[in-house]
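Chain letters run A, B, ... following the sequence lines, proteins first, then strands; residues in each count from 1.
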2 protein chains.
Amino acid sequence: MTIEPELCKVEDALGILVGKWKPIILLHLMKHGTQRFSELKRNVPGITQKMLTKQLRELEDEDIIERVVYPQVPPKVEYSITEYGRSLDPILAAMHEWGTNHTIHKQQKLMKKTTEQSS
Amino acid sequence: MTIEPELCKVEDALGILVGKWKPIILLHLMKHGTQRFSELKRNVPGITQKMLTKQLRELEDEDIIERVVYPQVPPKVEYSITEYGRSLDPILAAMHEWGTNHTIHKQQKLMKKTTEQSS
DNA sequence: CTGTATCCTCCCTGATACTG
DNA sequence: CAGTATCAGGGAGGATACAG
């Protein structure tokens, strides 16, 4: 199969996954089904409130995740993957698998280089 | 299937595809098999020499593409996808398909919104 | 608890000129 | 032809404070 470069839609898909925290946020939501804002903040080490909000909004804008607000005090907001968002599953799985293999690939490359130098 | 967020390798794969011109460069090389530097520059509208060089180097560093220099004057350099780089094929194809569908999804969403407003 | 609002820094990208 | 060098702009991301 050949994708016509001029009609390339890869960048569109890429743009939606790109963002420092998006993959890990998606994986958490996929694993737990639903997470509150505070749960995500706790589960994603190092993220700030601002960035968590921003990345969630961007995913919501693309219909990948759903935001449900419970009108109560204190506030409660739950996030979850949408049915549509599930269509990203195979892509994320494929990327995870490729990434895992690539880590091994790089290690082998490094090993080879080190061996050559010490000889 | 559940990817453990803590062991997430999605970002590694993502990092390799990210770069303003990488997807289209890869698609051109996949389509034509081999391309000279000047051919790529001509085929990728808007790219500068500096960026083309940079993106190519990054892909080369990850063993996705191969660079062959012919020692002659004027210089001739050919780029091509490596055997290993071909392993990205299914991912790019999946992303292209998803992206194509997503474009439709967004159009439908926009249509709906417009219809609601005019009522 | 779930966000905004500012301010600030870094680095990706672009424009342009130069080189073997 | 196939690059490298330099300078500059903008936007993503981070720190911190404040708000409903």
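- Between the side chains of B:E66 and B:Y79, not a single donor N or O lies within less than 3.5 Å of an accepting N or O.
- The phosphate of C:dT4 (OP1 or OP2) has no side-chain N or O of A:K50 nearer than 4.0 angstrom.
- Between C:dT4 and A:R57, a contact under 4.0 Å exists linking OP1 or OP2 to a side-chain N or O.
- The side chain of A:M51 sits closest to D:dG13 out of D:dG13, C:dT2, D:dA2.
- A:Y70 comes within 4.0 angstrom of nothing in the nucleic acid, heavy atoms only.
- Taking only side-chain nitrogens and oxygens, B:R36 comes nearer than 4.0 Å to OP1 or OP2 of D:dA2.
- Across residues 6-31 of chain B, B:G19, B:K20, B:W21 each have a non-hydrogen atom less than 4.0 Å from an atom of DNA chain C (numbered order).
- Residues B:E78 and B:E39 form no side-chain contact, since every pair of their non-hydrogen atoms from C-beta on lies 4.5 Å or further apart.
- Hydrophobic clustering of Ile, Leu, Val, Met, Phe, Trp and Tyr side chains at less than 4.5 Å, counting indirect connections, keeps A:Y84 apart from B:L110.
- Salt bridge status for B:K20 with A:E11: absent, with no side-chain N to carboxylate O gap under 4.0 Å.
- When the side-chain nitrogen and oxygen atoms of A:R42 are compared with OP1 and OP2 of C:dC1, none of them lie within a distance under 4.0 Å.
- OP1 and OP2 of C:dG3 both lie 4.0 Å or more from every side-chain N or O belonging to A:T53.
- The closest donor-acceptor contact from the side chain of A:N101 to the backbone of A:E97 lies at 3.5 Å or more, if one exists at all.
- For C:dT13, one of the phosphate oxygens OP1 or OP2 lies less than 4.0 angstrom from a side-chain nitrogen or oxygen of B:Q55.
- Contact annotation: A:T48 does not reach the phosphate of D:dT16 (side-chain N/O to OP1 or OP2, under 4.0 Å).
- Nearest to the side chain of B:P74, among D:dC1, C:dG14, D:dG3, sits D:dC1.
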